[in-house]
> 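Quick one: this structure, given as structure tokens, is what I'll be asking you about.
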Amino acid sequence: MRVILRLIALVVVWVVTFFGGAISYIFPETYCDVIENNWGIVIPTDRAYSEEFSADSGASFHGDGTRYHVMYFDDAERISYLLGWSEEIPESIITYSEQLLDELEVNNAYHRPNYENCVYYTQSKEDGSVILIFWDESRQEMYVLEEFL
């Protein structure tokens with residue numbers, strides 16, 4: 001009888017764990033959870049963190065389009081060591097970023113990265129989708145630009 005109860009308890013724990021993980025994947029709590037789901041990049045939100053601005057190109061049937069978020073982090077030092085940041089941003093990256101921000105009609109200069117103060121990280125997928133992350137430590141802001149193809 002004890003073996004059966006332990007087996008039932010083990011199955012219940014497994015089911016709860018599985019469905020809890022599935023629910024958090026389907027209904028993420030923060031945009032950082034979405035980034036982790038889409039790109040495997042873990043951005044810590046356990047300390048003071050806020051989403052300051054967002055824009056997107058709207059929903060599409062295939063899930064393609066552009067998303068942009070500006071996030072504030074109270075713990076700037078922690079974010080500064082988060083990714084393999086590149087110090088010098090190539091002009092092609094700046095041009096590409098500006099083109100996407102123009103398409104999203106992000107017209108307020110404060111909501112755009114000041115590239116001279118930023119370091120950046122980029123990652124792409126086989127389908128051509130790209131994420132660009134700019135980090136401005138002086139403003140403690142992260143600018144995340146995603147283009148899904």
Side-chain angles (χ1 to χ4, degrees), residues 10-149:
L10 182 62
V11 169
V12 168
V13 168
W14 181 83
V15 168
V16 168
T17 302
F18 175 77
F19 283 112
I23 288 171
S24 69
Y25 183 83
I26 295 169
F27 302 107
E29 292 183 27
T30 67
Y31 187 66
C32 291
D33 294 332
V34 173
I35 293 170
E36 182 177 357
N37 291 341
N38 289 336
W39 301 96
I41 299 169
V42 178
I43 299 172
T45 58
D46 57 336
R47 297 200 182 132
Y49 147 87
S50 61
E51 294 181 25
E52 302 291 314
F53 177 80
S54 67
D56 66 57
S57 59
S60 71
F61 180 74
H62 296 288
D64 54 348
T66 306
R67 296 183 203 156
Y68 179 63
H69 289 266
V70 179
M71 297 171 281
Y72 172 83
F73 292 88
D74 194 38
D75 190 357
E77 185 176 342
R78 187 173 181 190
I79 300 299
S80 294
Y81 296 105
L82 178 68
L83 296 168
W85 300 111
S86 296
E87 294 286 327
E88 214 164 302
I89 305 172
E91 192 61 40
S92 61
I93 295 288
I94 294 171
T95 301
Y96 178 58
S97 172
E98 287 296 304
Q99 174 190 346
L100 293 175
L101 292 173
D102 287 343
E103 289 173 11
L104 291 173
E105 298 179 357
V106 178
N107 297 321
N108 186 334
Y110 189 78
H111 293 139
R112 290 180 178 237
N114 179 350
Y115 301 103
E116 292 177 4
N117 294 338
C118 291
V119 293
Y120 87 104
Y121 172 84
T122 187
Q123 183 177 323
S124 60
K125 293 185 177 186
E126 287 182 16
D127 67 358
S129 297
V130 175
I131 185 170
L132 297 170
I133 304 175
F134 301 97
W135 169 243
D136 185 338
E137 187 173 9
S138 65
R139 288 170 58 176
Q140 296 178 236
E141 289 183 330
M142 181 182 292
Y143 307 85
V144 179
L145 188 56
E146 297 174 278
E147 183 178 36
F148 293 97
L149 302 177

> Please round to the nearest 0.5 Å and tell me the distance separating atom CD of E147 and atom CG of D64.
9.0 Å
> State, to 0.1 Å, how close W135 and E141 come at their nearest heavy-atom pair, and which atoms those are.
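Closest heavy-atom pair between W135 and E141: CE3-O, 3.2 Å.
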> Rounded to the nearest 0.5 Å, how far does CG of N107 lie from CZ of R112?
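If I round to the nearest 0.5 Å, the distance is 6.5 Å.
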> Quick check against the 3.5 Å criterion: does S129 have a side-chain atom that pairs as donor or acceptor with the backbone of L149?
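Side chain of S129 to backbone of L149, a donor-acceptor pair under 3.5 Å: yes, one is there.
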> Of the non-hydrogen atoms in K125 and W39, which two are nearest, and what is the gap between them?
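The answer is CG-CZ3, 3.4 Å.
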> Spell out, as yes or no, whether a donor-acceptor pair under 3.5 Å connects the side chain of S54 to the backbone of V70.
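Judged by distance alone, no pair lies under 3.5 Å.
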> Could you grab the distance from atom CD1 of I41 to atom OH of Y121, nearest 0.5 Å is fine?
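Reported to 0.5 Å precision, the distance equals 4.5 Å.
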> What's the spacing between T30 OG1 and M71 CE if we round to 0.5 Å?
8.5 Å
> Within the 3.5 Å criterion, strictly below it, is a donor on E98 or Y115 matched to an acceptor on the partner's side chain?
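Note: E98 and Y115 side chains meet the donor-acceptor criterion.
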> Quick check for you: to the nearest 0.5 Å, what is the distance between T66 atom OG1 and L100 atom CG?
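If we round to the nearest 0.5 Å, T66:OG1 and L100:CG are 5.0 Å apart.
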> Write out all pairs satisfying side chain to side chain donor-acceptor pair (under 3.5 Å) with one or both partners inside residues 82-95, taking only residues at least two apart or from two chains.
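Of all non-adjacent pairs touching residues 82-95, none passes side chain to side chain donor-acceptor pair (under 3.5 Å).
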> Please give me the minimum heavy-atom distance between I133 and M142, naming the atom from each residue.
CG2-CG, 3.5 Å
> Find out whether R67 and V34 are in side-chain contact, i.e. whether some heavy atom of one side chain is under 4.5 Å from a heavy atom of the other.
yes
> Rounded to the nearest 0.5 Å, what separates atom OG in S97 from atom CZ in F134?
4.0 Å
